[in-house]
Amino acid sequence: MNTTKTYDVIVVGAGHAGCEAALAAARMGMAACIFTMNLDTIGQMSCNPAIGGLAKGHIVREIDVLGGEMAKITDKAGIQFRMLNKSKGPAVWSLRAQTDRVLYRLKMRHVLETQENLDIKQAAVEEIIVEGGKVKGVLTALGIFYSSGCVIVTTGTFLKGLMHIGHESFAAGRAGEFPSVGLSDCLARIGLKLGRLKTGTPPRLDAKTIDFSKTEAQFGDDPPTPFSHSTQKITNPQLPCYITYTNPETHKIIQDNLERSAMYSGKITGIGPRYCPSIEDKVVRFAERQRHQVFLEPEGLDTNEYYANGISTSLPLDIQTALVRTIPGLENAEIMRPGYAIEYDFVFPTQLKHSLETKNIEGLFLGGQINGTSGYEEAAAQGLIAGINAALRLQGREPLVLGRHEAYIGVLLDDLVTKGTKEPYRMFTSRAEYRLLLRHDNADMRLMEKGHEIGLLNDETYEYFVDKKKKIEDEINRIKKTRVKPDRINAALKELGTSAIEEDSPLEQLLKRPEVSYAVIRQCSPSEVELGDDVEHQVEIQVKYEGYIIRQQETAEKLKKLEEKNIPADIDYKALPGISREILCKLEEVRPANLGQAGRIQGMTPAALSLIMIAIEKIRRSRVSHL
């Protein structure tokens, strides 16, 4: 094999994971190259034209403060922004944005093309070259070898992708694009265990044929809240979405034609997403429901195409047309693109370290749907972490590993690596034990310092963060020390419907009242320093929820102590007395790095964990005695 060119990092695939991985590696000074089978689909939004949502919005904010790109591109391409769950506590607030699909792709491609240290090549990678348990580079379908120190595979749904519409099946990575077959076989040859998953999309409709008067318009926030901390203002025109519903007639058409669905006819072997089911699945599993919600989402500013979110299907086109036309507002709707199901190979993620490097092959990293996840946000987060850790590895530095108490990204990676998955994994706020610590609003407080340390955030951005952090701390201290007289605040308290004070009272005590916002504090006892909305918001949350936050921090500290108790890599679990066969198999599969991770393995018992602790201590003593 002749080496055409040598790189530090090669990224295979240019979806959301691949773009973040390549940008991170290049920005950290690595000579990087990203390979894609089609230059025109870099950053393609294969499914719905939206970024964020419950828990996913948290991940996008975390990507941003670590130095990733998704939030910035979303702000440039966003056409509707909504903060979800505002009626609930701040721990579960999440931002979601509709985006212009084409604009998103073009903006992301421009960023990649103008990035220093990054080459982009249109080529199909067929093989990962491994020698002596180490990555050496990649081989393309044209027989061209590219050498590299690290390879990051981010192939999405392309590994042996098979698309289904009714009884018709097509080899495809997504609609209109060829799958990757050789690379899937290669991954199996080099020792990775693969499984099969399934996902799907709904039909896309022509706006000219939709009667929007029969639907409910849903508008975004005004003014819109950006995803990125660096975005000052959203400048795109903002569009509404529309809500309508299926009905018993829709459901009867589906039930009468289930045998024509690829999923119910037995053609699909992959496991589908439990939390984003097809309309066939909804009708069968929730037979008592009289209707299911359908969101009509605009695909962009300059297109008539609408995404019918809520009716993903693998039924044949004639049945798709019939069921769509039973839905109010869609009686005359024309389908521009049919919905379809797609199944694809993935790698069981317990074969990975928390850094996303494979355990058995040095320098090989995996990111995105290849690890069993669903969603653009989960993919982008993995790509970013893989790109960062590939660069750190080549620089001889310790990997970036985020704890469950530090980030939703930490929860995501720990769940994948420790518990694995047999269905497309999707992030929810309920998966995070410390969600009051991992709020949407404080991503910069949690992670921006790490982004600066690894070299992805410049000094100017970091200095702004340090100044903001100091303002928050100073204002909280001022509020704790300052008392207010009754005549300065009682009028405001009366207007809010909360009890008046009879003597001088601490501002902190008043701000803890549910009815009292920071605006009231500003009115009766303003700060001498100009704070800004984001600082005031942080102050209010930290004061109001102080007790809950402290309790979660104390719990997180206990977890941290367990995480610091490392398990020797060469520990022989088979030699441990009293370990059940089930737990032994899990321990051998996961090979936990520390006691904290071992305790989160499914089926782990306190007794088994105690045996591991005893074994660790014996190994430690043995090694000390040999010194």
Under 3.5 Å, side-chain donor or acceptor atoms of residues 181-190 against the rest of the protein: list the pairs with distances, not counting sequence neighbours.
residue : atom : partner : partner atom : Å
S184    : OG   : D345    : OD2          : 2.5
D185    : OD1  : K160    : NZ           : 2.7

If you round to the nearest 0.5 Å, how far is [atom2] of [Y] from [atom1] of [X]?
| X | Y | atom1 | atom2 | answer |
| --- | --- | --- | --- | --- |
| L54 | S430 | CG | OG | 10.0 Å |
| L192 | L366 | CG | CG | 6.5 Å |
| E357 | I152 | CD | CD1 | 10.5 Å |
| Q122 | T140 | CD | OG1 | 12.0 Å |
| I234 | I79 | CD1 | CD1 | 12.0 Å |
| Y242 | I210 | OH | CD1 | 9.5 Å |

Considering only heavy atoms from C-beta outward, does the side chain of [X] approach that of [Y] to under 4.5 Å?
| X | Y | answer |
| --- | --- | --- |
| I10 | C150 | no |
| P49 | Q98 | yes |
| D415 | R404 | yes |
| S278 | S314 | no |
| M427 | E377 | no |
| L315 | T313 | yes |
| D256 | K252 | yes |
| T303 | D100 | no |

State, without any angle test, whether [X] and [Y] hold a side-chain donor-acceptor pair at a distance under 3.5 Å.
| X | Y | value |
| --- | --- | --- |
| R435 | T429 | no |
| T157 | Q369 | no |
| T246 | H292 | no |
| D75 | S228 | no |

Between [X] and [Y], does any side-chain N to carboxylate O distance fall below 4.0 Å?
| X | Y | answer |
| --- | --- | --- |
| K198 | E343 | no |
| K214 | E331 | yes |
| E288 | K282 | no |
| R105 | D40 | no |
| R285 | E280 | no |

Quiz prompt | Centroid-centroid distance, F295 to Y245, less than 6.0 Å | solution =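 No.
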Within the supplied structure, the quantity of interest is the number of heavy atoms (other residues, nucleotides, ligands) at a distance under 6.0 Å from [X] [atom1]; does it exceed 12?
| X | atom1 | value |
| --- | --- | --- |
| K107 | NZ | no |
| F170 | CZ | yes |
| R337 | CZ | no |

Side-chain donor-acceptor pairs under 3.5 Å in residues 381-389, sequence neighbours left out?
residue : atom : partner : partner atom : Å
Q382    : OE1  : G368    : N            : 3.2
Q382    : OE1  : N371    : ND2          : 2.9
Q382    : NE2  : T373    : OG1          : 3.0
Q382    : NE2  : E378    : O            : 3.1
N389    : OD1  : L400    : N            : 2.6
N389    : ND2  : S355    : O            : 3.2
N389    : ND2  : I385    : O            : 3.3
N389    : ND2  : L400    : O            : 3.2

Quiz item: By side-chain hydrogen bond (donor to acceptor under 3.5 Å, both in side chains), which residues pair with T358, not counting sequence neighbours?
Solution: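 Checked T358 against side-chain hydrogen bond (donor to acceptor under 3.5 Å, both in side chains); zero matches.
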Exercise. Quick one: do R174 and T41 satisfy side-chain contact (heavy atoms from CB on, under 4.5 Å)? Show the steps, please.
Key: CA-CA 11 Å; R174 58 187 167 218; T41 56; 3.3 Å; yes
Practice problem: Using the side-chain contact (heavy atoms from CB on, under 4.5 Å) rule, take R82 and Q218 through it: C-alpha gap first, then chi angles, then the decisive distance, then the call. | Solution: CA-CA 10 Å; R82 291 181 65 232; Q218 184 183 66; 3.4 Å; yes
Exercise. Could you walk me through whether V151 and F365 pass the side-chain contact (heavy atoms from CB on, under 4.5 Å) test, one step at a time?
Key: CA-CA 6 Å; V151 172; F365 293 77; over 6 Å; no
What's the shortest heavy-atom distance between [X] and [Y], and which atoms?
| X | Y | answer |
| --- | --- | --- |
| G173 | I342 | O-CD1, 3.0 Å |
| V60 | F227 | CG1-CD2, 3.6 Å |
| A333 | T209 | CA-OG1, 3.3 Å |

Exercise. Name the orientation class of the two ring planes belonging to H440 and H58 (parallel below 30°, tilted from 30 to 60°, perpendicular beyond 60°).
Key: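 Taking H58 first and then H440, their aromatic rings stand perpendicular (interplane angle over 60°).
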Exercise. Report the C-alpha distance between T215 and V294 in whole Å, list the side-chain angles of each, state the deciding distance to 0.1 Å, and finish with yes or no for side-chain contact (heavy atoms from CB on, under 4.5 Å).
Key: CA-CA 10 Å; T215 67; V294 181; over 6 Å; no
